[in-house]
Asker: 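Sharing a structure, written as structure tokens. Questions coming.
Protein chains get the first letters and strands the later ones, always in sequence-line order, with residue 1 at the start of each.
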Number of protein chains: 2
Amino acid sequence: MTAAGDNQRTVALLWGEAITPTRGPKPTLSAARIARTAIDIADTEGLAAVSMQRVAASFEYTTMSLYRYVGGKAALVELMVDIALESPPAPDASADWRARLETWAQAGLERYRRHPWLLGAATAEHRVMGPHELSWLEAALDALSGTPLTVPEKHDAFLVINGHVRNVAQELAHSGGDAEWNATMSGILDRHGDRFPTLTAALSSGEHHTVGADSLQFGLACILDGLAAQIARRQR
Amino acid sequence: MTAAGDNQRTVALLWGEAITPTRGPKPTLSAARIARTAIDIADTEGLAAVSMQRVAASFEYTTMSLYRYVGGKAALVELMVDIALESPPAPDASADWRARLETWAQAGLERYRRHPWLLGAATAEHRVMGPHELSWLEAALDALSGTPLTVPEKHDAFLVINGHVRNVAQELAHSGGDAEWNATMSGILDRHGDRFPTLTAALSSGEHHTVGADSLQFGLACILDGLAAQIARRQR
DNA sequence: CTCTACTGTATGCGAGGTACACAGTTAGGG
DNA sequence: CCCTAACTGTGTACCTCGCATACAGTAGAG
């Protein structure tokens with residue numbers, strides 16, 4: 001299968017290991033430029049609007065010319081992800097693990113808000129991680145380096161926090177303005193509410209659930225409290 | 001836009017509100033049968049393998065015949081999701097909230113493991129929720145009904161736990177057997193490990209991070225500990 | 001018996017990803 | 001100095017997919 005070769009080429013691109021040829025015409029484009037243009041499109045029109053033809057048209061180039069640089073659509077998306085994740089939160093050695101993880105989570109949420117398509121792009125398979133994506137992992141592990149947690153536990157902690165950030169971002173991406181969805185769902189609950197007593201009671205309680213910045217805080221506080229308990233248990 | 005009409009029709013399908021015609025030939029297929037076949041395909045070959053033509057071919061039917069039943073691909077996927085979520089965890093009123101949430105999370109994880117494509121299908125947009133999906137939410141809220149948390153907090157708690165389950169499922173779906181990925185990533189760390197000191201140290205520590213059932217437990221314990229702390233604070 | 005609503009089919013369009021062959025361009029080797 | 005190999009961008013073509021539309025066959029209602 002050609003997947004191995006493709007993977008090889010994608011890894012080389014992501015990690016800057018590609019060999020630059022000397023002969024022939026100078027390339028006028030670059031993988032990074034293509035990816036950045038694709039990111040612009042995805043930011044404003046969504047990931048679905050990113051097609052080879054669309055990106056090529058932004059340069060007034062032919063569709064096929066892109067294949068000289070990025071190998072395929074999958075590779076392009078992986079590049080987009082890694083470039084969108086550049087400049088991860090800088091480790092601040094003076095803060096304790098909790099504060100560092102909080103800023104980490106906040107930075108992650110902001111990144112997801114700036115590039116909502118990241119949520120859909122990272123979903124697919126076990127992607128090869130690029131340098132920037134790895135840096136985020138590195139930063140999270142580094143924040144926990146002073147704690148007595150084991151390596152797998154640190155990894156698990158990263159998993160939990162990252163998952164929470166992703167989830168809040170997903171919720172934020174859809175909240176607000178979706179009046180039609182609200183109407184549809186409340187119509188459904190009007191007709192079938194008897195099957196969901198707790199839910200109906202919750203919705204009619206008047207305390208509406210507005211997704212906002214505090215959505216991150218509540219869950220994050222839970223997770224970090226639990227983590228602190230683990231750490232305290234370990235230190236005894 | 002036709003989106004409203006489509007939505008209407010999808011809602012009717014999901015919630016069994018469709019009117020069944022009396023005249024004309026009896027339908028030989030049904031939306032549910034089509035969705036179940038699509039689920040079988042997605043279970044074994046992934047969501048990407050589910051196309052109208054592929055599903056229709058399973059019945060030895062024409063592609064277009066499916067449109068008599070499901071309205072479109074998006075509607076089919078929504079049906080698939082809701083059917084895959086049928087029989088949510090039964091509420092056990094005798095257990096306390098923590099035990100109930102633990103079984104809820106466990107059941108969710110098993111569901112995601114049986115239908116890994118659920119992870120990719122639920123990602124897209126703010127989908128209309130079907131009866132089964134709503135039942136999962138109902139069950140989670142019901143588990144928390146005895147606690148002094150506010151309605152938004154219960155909702156947030158659901159969000160955190162659900163996100164964690166999804167994340168663990170995602171990790172599990174890709175772990176193991178992916179020897180090529182492992183080789184690729186360790187090759188990368190061999191060449192660029194100096195940029196990721198904490199990560200390299202973690203990997204060379206010998207404590208390998210094997211994703212398993214305990215991955216759910218660690219994070220879940222953190223979250224539930226934090227939730228318990230919130231509840232205790234509220235009860236004082 | 002006929003009309004009408006309904007089912008399944010046949011055909012075709014447009015969009016998207018990509019393989020392939022080709023023309024134009026440039027650096028290094030003889 | 002030029003020629004050849006390597007490389008870039010292009011044109012064409014093919015496949016798959018979602019879906020619109022028009023059509024033929026079928027069966028209940030009156």
Asker: Report all side-chain donor-acceptor pairs from residues 39-51 of chain A shorter than 3.5 Å, counting only partners two or more places apart or in another chain.
Answerer:
from: A/Asp43; atom 1: OD1; to: A/His115; atom 2: ND1; distance (Å): 2.8
from: A/Asp43; atom 1: OD1; to: A/Trp117; atom 2: NE1; distance (Å): 2.6
from: A/Asp43; atom 1: OD2; to: A/His115; atom 2: ND1; distance (Å): 3.1
from: A/Thr44; atom 1: OG1; to: A/Asp40; atom 2: O; distance (Å): 3.2
from: A/Thr44; atom 1: OG1; to: A/Ile41; atom 2: O; distance (Å): 3.3
from: A/Glu45; atom 1: OE1; to: A/Arg54; atom 2: NH2; distance (Å): 3.2
from: A/Glu45; atom 1: OE2; to: A/Arg54; atom 2: NH2; distance (Å): 2.4
from: A/Ser51; atom 1: OG; to: A/Arg54; atom 2: N; distance (Å): 3.0

Asker: What's the CG-C1' distance between B/Leu29 and C/dG8, to the nearest Å?
Answerer: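 So the CG-C1' distance, B/Leu29 to C/dG8, works out to 9 Å.
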
Asker: Distance under 4.0 Å to a non-hydrogen atom of chain A counts as contact; along DNA chain D, which nucleotides mark the start and end?
Answerer: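 Span of nucleotides near chain A: D/dA5 to D/dT12.
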
Asker: Using salt bridge (charged side-chain N to carboxylate O under 4.0 Å, His left out) as the criterion, list what pairs up with B/Glu171, not counting sequence neighbours.
Answerer: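 For B/Glu171, no residue satisfies salt bridge (charged side-chain N to carboxylate O under 4.0 Å, His left out) once neighbours in sequence are set aside.
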
Asker: Could I get the full list of salt bridge (charged side-chain N to carboxylate O under 4.0 Å, His left out) partners for A/Asp142, not counting sequence neighbours?
Answerer: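 With sequence neighbours excluded, A/Asp142 shows a salt bridge (charged side-chain N to carboxylate O under 4.0 Å, His left out) to A/Arg100, given in chain and number order.
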
Asker: A/Glu45 has an atom CD; how far is it from atom C1' of C/dA15, in whole Å?
Answerer: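 Rounding to the nearest Å, CD of A/Glu45 and C1' of C/dA15 are 16 Å apart.
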
Asker: Could you list the residues that satisfy salt bridge (charged side-chain N to carboxylate O under 4.0 Å, His left out) with A/Arg36, not counting sequence neighbours?
Answerer: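 Only A/Glu86 meet the salt bridge (charged side-chain N to carboxylate O under 4.0 Å, His left out) criterion with A/Arg36.
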
Asker: With sequence neighbours excluded, tell me which residues meet side chain to side chain donor-acceptor pair (under 3.5 Å) with B/Tyr67.
Answerer: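 Expected list: none.
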
Asker: I need a per-nucleotide contact map over nucleotides 24-30 of chain C, read 5' to 3'. Cutoff is protein heavy atoms under 4.0 Å; write B for the base, S for backbone only, - otherwise.
Answerer: BBBBS--

Asker: What does the list of N/O pairs under 3.5 Å between the protein and nucleotides 11-14 of chain C look like, with a distance for each?
Answerer:
none

Asker: Only pairs at least two apart or in different chains count here, so list each salt bridge (charged side-chain N to carboxylate O under 4.0 Å, His left out) that has a residue in residues 18-31 of chain A.
Answerer: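 Residue pairs with at least one partner in residues 18-31 of chain A: there are none.
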
Asker: Mind checking salt bridge (charged side-chain N to carboxylate O under 4.0 Å, His left out) for A/Glu133 and listing every partner two or more places apart, or none if nothing turns up?
Answerer: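 Listed in chain order: A/Arg127.
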
Asker: For B/Ser65, report the nucleic acid contact type (base, sugar-phosphate, nothing); a contact means any heavy atom under 4.0 Å.
Answerer: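 Answer is base: heavy atoms of B/Ser65 come under 4.0 Å of a base.
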
Asker: Any pair with a residue in residues 185-194 of chain B that passes salt bridge (charged side-chain N to carboxylate O under 4.0 Å, His left out), sequence neighbours left out, goes on the list, sorted by first then second residue, please.
Answerer: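 Qualifying pairs, neighbours excluded: A/Glu17-B/Arg191.
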
Asker: Can you sort out which residues in residues 66-84 of chain B have a heavy atom within less than 4.0 Å of DNA chain D? Ascending by number, please.
Answerer: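 By residue number: B/Tyr67, B/Gly72, B/Lys73.
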
